[in-house]
Amino acid sequence: MQTILTNFYTLESSEKSENGSFIAKIKLNPDHEIFKGHFPGNPVTPGVCMMQIVKDLTENFTASKLFLKSASNVKFMAIINPFETPELVLQLDITEKDGELKVKNTTSFGETIALKLSVNYTKI
């Protein structure tokens with residue numbers, strides 16, 4: 001499933017809820033090289049990596065290869081430190097129309113919402 005973010009995170013579990021959204025539980029790898037540079041002594045999960053995880057999971061759940069067409073309402077609401085909060089829950093509401101997928105995502109750890117975003121992908 002992962003290509004760009006090999007060994008960056010592990011998909012611990014996933015399920016499709018009754019309302020059709022997907023819930024994924026992932027665990028970040030705090031020893032990944034990215035965290036050595038972002039930032040030394042104070043690791044922070046890069047926002048672009050979180051966006052890539054959403055794309056990876058959407059591709060996995062829809063069995064489709066996707067291209068990011070647009071992103072809106074991208075809100076990074078909390079810092080994700082892989083040592084303090086490595087376990088994340090991602091909710092993905094995925095709708096498809098005319099070969100395009102719209103995904104609304106909420107990423108959280110515990111009671112804290114860390115990320116909210118809406119993205120549009122084109123199937124490739």
Side-chain angles (χ1 to χ4, degrees):
M1 175 178 75
Q2 299 174 46
T3 53
I4 295 173
L5 296 179
T6 300
N7 298 321
F8 186 74
Y9 70 97
T10 304
L11 177 60
E12 300 285 304
S13 68
S14 64
E15 63 182 75
K16 189 172 184 177
S17 67
E18 290 179 15
N19 68 1
S21 62
F22 292 87
I23 305 294
K25 294 181 181 180
I26 68 166
K27 186 170 186 178
L28 298 174
N29 173 8
D31 297 320
H32 195 275
E33 289 293 315
I34 286 174
F35 295 117
K36 292 178 183 171
H38 199 269
F39 295 98
N42 187 26
V44 174
T45 304
V48 68
C49 292
M50 290 306 305
M51 291 179 72
Q52 182 65 41
I53 291 169
V54 170
K55 181 177 179 270
D56 289 349
L57 294 173
T58 303
E59 287 181 331
N60 185 43
F61 296 148
T62 63
S64 302
K65 190 75 178 147
L66 303 173
F67 177 79
L68 177 64
K69 182 178 178 183
S70 64
S72 61
N73 298 320
V74 180
K75 297 178 184 177
F76 298 100
M77 303 169 75
I79 291 174
I80 302 171
N81 180 314
F83 289 95
E84 295 174 5
T85 54
E87 297 175 353
L88 305 174
V89 177
L90 291 87
Q91 178 177 332
L92 295 101
D93 300 320
I94 303 170
T95 55
E96 183 174 358
K97 183 178 180 183
D98 300 327
E100 292 192 4
L101 282 85
K102 182 174 184 171
V103 180
K104 290 186 179 181
N105 166 254
T106 302
T107 300
S108 59
F109 53 87
E111 299 295 316
T112 302
I113 296 174
L115 168 65
K116 284 187 170 188
L117 73 107
S118 296
V119 289
N120 292 304
Y121 300 109
T122 302
K123 286 186 175 182
I124 53 174

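One distance of note links CG of Asp93 with OG1 of Thr106; it measures 7.0 Å at 0.5 Å rounding.
Within a 6.0 Å sphere centred on NZ of Lys102, other residues, nucleotides and ligands contribute 12 heavy atoms or fewer. The 12-atom threshold is not exceeded at CD1 of Ile79, counting heavy atoms of other residues, nucleotides or ligands nearer than 6.0 Å.
Contact detail for Lys69 and Thr122: the closest heavy-atom pair is CD-OG1, 3.7 Å. The minimum heavy-atom distance between Lys36 and Asp31, with the atom names listed, is CE-O, 4.2 Å. Of all the heavy atoms in Lys55 and Leu66, the pair that sits closest is CE-O, 3.0 Å. When every heavy atom of Ile53 is checked against every heavy atom of Leu90, the shortest pair comes out as CG2-CD2, 4.0 Å.
When side chains are defined from C-beta on, Thr45 counts as touching Pro82, because their heavy atoms get closer than 4.5 Å. Looking only at side-chain heavy atoms (C-beta outward), Ile80 and Thr85 come within less than 4.5 Å of each other. When side chains are defined from C-beta on, Val54 counts as touching Val103, because their heavy atoms get closer than 4.5 Å. Taking 4.5 Å as the limit, some side-chain heavy atom of Leu11 sits within range of a side-chain heavy atom of Leu57. Using a 4.5 Å heavy-atom cutoff, the side chains of Asn81 and Asn42 are in contact. Side-chain contact between Met50 and Leu88 is present, with heavy atoms from C-beta onward closer than 4.5 Å. For the pair Phe22 and Ser14, the minimum side-chain heavy-atom distance is 4.5 Å or more.
Linking Ile, Leu, Val, Met, Phe, Trp and Tyr whenever their side-chain heavy atoms come within less than 4.5 Å leaves Met77 and Ile26 in two separate clusters.
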- [ ] Please lay out, stage by stage, how Lys123 and Glu100 fare under the test side-chain contact (heavy atoms from CB on, under 4.5 Å).
- [x] CA-CA 6 Å; Lys123 286 186 175 182; Glu100 292 192 4; over 6 Å; no

- [ ] Apply side-chain contact (heavy atoms from CB on, under 4.5 Å) to Cys49 and Ile34, showing your working.
- [x] CA-CA 9 Å; Cys49 292; Ile34 286 174; 3.8 Å; yes

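Residues Ser21 and Ser17 bring a donor and an acceptor atom of their side chains to less than 3.5 Å of each other. Defined by atom type and a distance below 3.5 Å, a donor-acceptor pair is missing between the side-chain atoms of Thr58 and Asp56.
The aromatic rings of Phe35 and Phe8 sit parallel, their planes meeting at an angle under 30°, below the 60° perpendicular limit.
Salt-bridge formation is not detected for the pair Glu87/Lys25: no Lys NZ or Arg NE/NH1/NH2 atom is positioned less than 4.0 Å from an Asp or Glu carboxylate oxygen.
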